[in-house]
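Letters A, B, ... mirror the listed sequences (proteins, then strands); counts begin at 1.
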There are 2 protein chains.
Amino acid sequence: MHTHSHDDHTEHHMQSSDVLRDIVIGMSDGLTVPFALAAGLSGAVSDSSIIVIAGIAEIAAGSIAMGLGGYLAGKTEQDHYKSELKREYDEVERVPEREKQEVREFFEQIGLSEEVQIKATEEIAKDKKQWVDFMMKYELGLDEPDPKRAARSAMNIGLSYIVGGIIPLSPYFFIKNSAEALKISVIATLVCLFIFGYFKSKITGVPAVAGALKVTMIGALAAGAAFGIASLF
Amino acid sequence: MHTHSHDDHTEHHMQSSDVLRDIVIGMSDGLTVPFALAAGLSGAVSDSSIIVIAGIAEIAAGSIAMGLGGYLAGKTEQDHYKSELKREYDEVERVPEREKQEVREFFEQIGLSEEVQIKATEEIAKDKKQWVDFMMKYELGLDEPDPKRAARSAMNIGLSYIVGGIIPLSPYFFIKNSAEALKISVIATLVCLFIFGYFKSKITGVPAVAGALKVTMIGALAAGAAFGIASLF
């Protein structure tokens with residue numbers, strides 16, 4: 001679901017919504033998994049201090065896995081882009097006729113006449129950079145990744161996971177009995193999940209209340225399942 | 001990182017690698033987070049049974065959050081595609097000149113001469129379906145999502161998370177002392193992370209051993225951090 005942005009305004013708009021997206025990804029997962037873990041443990045142990053330790057261990061683990069995982073995924077995407085770019089430059093050098101044929105097939109597939117296919121292909125292939133950029137974007141479907149984006153995105157997601165995870169866990173800091181803490185955790189977390197689901201839906205452009213209910217439902221189901229399963233032990 | 005596939009062979013190839021991708025996503029997260037949680041708790045409690053309960057609660061929570069989360073994200077992508085499709089059909093009906101201008105701008109931006117821009121735009125706009133398909137794919141960058149894909153992907157990711165999570169947790173089932181269980185868990189999980197990192201890298205087309213080491217390092221760091229933080233309590 002990416003949009004090709006052509007001017008500075010759109011570019012700027014995309015960047016701030018990228019940050020929002022990172023925050024929403026990190027926070028809604030941070031709200032869901034530590035919430036469900038704490039709820040599950042509340043079904044099995046009555047002492048909140050164990051739940052606090054488990055919750056903190058989970059938040060550390062989850063934020064590192066999501067943050068660092070996101071960072072490395074971004075780096076991988078950059079390496080992949082670079083290696084494909086190099087290959088395309090090699091190919092327009094080594095097998096220009098085959099590469100021209102691929103450009104022509106693109107124009108054929110979108111519905112142009114043979115005459116226009118040939119003319120358009122000649123014009124694209126006049127400039128090597130323009131030719132390769134075209135192949136990267138429309139043959140391979142690859143957009144050039146922003147090199148600074150990977151690190152920033154990792155930080156945003158990881159920190160948002162921590163902030164999100166603190167919310168369901170905080171009642172257990174203050175209330176010794178886990179069943180009591182669970183009640184407050186459920187209310188606080190479901191309200192936050194609804195609010196974050198609402199913003200998440202606004203950002204992705206889907207009906208906001210329905211989207212918010214879905215996000216809340218995932219959290220409730222995960223917590224319910226974890227509670228049910230842990231209670232069996 | 002999607003590829004536009006034009007024939008049946010490529011289509012088939014893409015589908016099987018989609019399943020592999022789901023399995024790798026679910027399993028490498030399943031290996032990482034429950035592993036780190038169990039390691040973290042081993043730094044704070046000596047009885048394995050609490051770690052087993054926490055681990056199972058986390059696996060239930062994580063698999064539901066990832067699986068159901070992935071399912072709803074897929075559904076949202078479909079809804080978004082449909083609503084954009086409807087809007088494009090409306091727009092070519094209501095403001096055809098503006099839409100033609102957008103097609104022309106696409107051809108201008110890839111480097112075609114004014115003459116070819118105009119001809120190509122006329123040819124595209126001759127057929128409404130062809131016109132809208134073009135706008136969806138190349139103006140908005142949206143591919144039509146596979147309607148069955150969302151559910152299948154959710155199942156694959158969720159189940160793989162469970163399978164992945166069982167591996168670091170299994171020593172705690174059999175060994176009463178958590179410090180002893182941790183040793184076996186660390187060895188088994190790091191080996192599995194390396195193997196899955198290797199396949200993950202093969203699938204995404206990056207150097208496999210370097211990729212495998214990165215995935216293993218994330219797991220080790222997450223577990224180390226969780227252990228360190230939980231030990232403080």
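Summarising the geometry, atom NZ belonging to Lys119(A) is positioned 4.0 Å from atom CD belonging to Glu115(B); distances are rounded to the nearest 0.5 Å. To the nearest 0.5 Å, atom CD1 of residue Ile50(A) and atom CD1 of residue Ile50(B) are 3.5 Å apart. Annotation: the span from Ile64(B) atom CD1 to Ile229(A) atom CD1 amounts to 6.5 Å, rounded to 0.5 Å. Remark: Glu122(B) CD to Leu112(A) CG distance equals 12.0 Å, nearest 0.5 Å.
Phe107(A) and Phe107(B) have tilted rings, their planes meeting at an angle from 30° to 60° on a 0 to 90° scale.
Comparing Glu105(B), Met66(B), Lys214(B) by heavy-atom pairs within less than 4.5 Å of chain A, the highest count is held by Lys214(B). Comparing Val215(A), Ile59(A), Val45(A), Ile53(A) by how many heavy-atom pairs each has under 4.5 Å with chain B, the most go to Ile53(A). Between chain B and the residues Pro34(A), Ala120(A), Ala225(A), the most heavy-atom pairs under 4.5 angstrom are made by Ala120(A). Between chain B and the options Ile51(A), Thr32(A), Leu41(A), heavy-atom pairs under 4.5 Å are most frequent for Leu41(A). Top candidate by heavy-atom pairs under 4.5 Å with chain A, chosen from Gly211(B), Ala57(B), Ala60(B), is Ala57(B). With respect to chain A, the highest number of heavy-atom pairs below 4.5 Å among Ala222(B), Ala36(B), Ser201(B), Ala38(B) belongs to Ala222(B).
Around OH of Tyr81(A), the count of heavy atoms belonging to other residues, nucleotides or ligands within 6.0 Å exceeds 12. Few gaps surround CE on Met217(A); more than 12 heavy atoms of other groups in view lie less than 6.0 Å from it. In Phe199(A), the CZ atom is not crowded: 12 or fewer heavy atoms of neighbouring residues, nucleotides or ligands sit closer than 6.0 Å.
Using a 4.5 Å cut-off between heavy atoms, Ile218(B) contacts chain A through both its backbone and its side chain. Neither the backbone nor the side chain of Tyr71(B) comes within less than 4.5 Å of any heavy atom in chain A. When heavy atoms are compared at a cutoff of 4.5 Å, Ile110(A) approaches chain B by way of both its backbone and its side chain. Contacts between Ser113(A) and chain B at a heavy-atom distance below 4.5 Å involve backbone atoms as well as side-chain atoms.
When every heavy atom of Ala61(B) is checked against every heavy atom of Leu37(A), the shortest pair comes out as CB-N, 4.3 Å.
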Which is it for Val33(B) and Glu58(A) under the side-chain contact (heavy atoms from CB on, under 4.5 Å) test, yes or no, and what are the steps along the way? CA-CA 7 Å; Val33(B) 182; Glu58(A) 145 67 33; 3.3 Å; yes
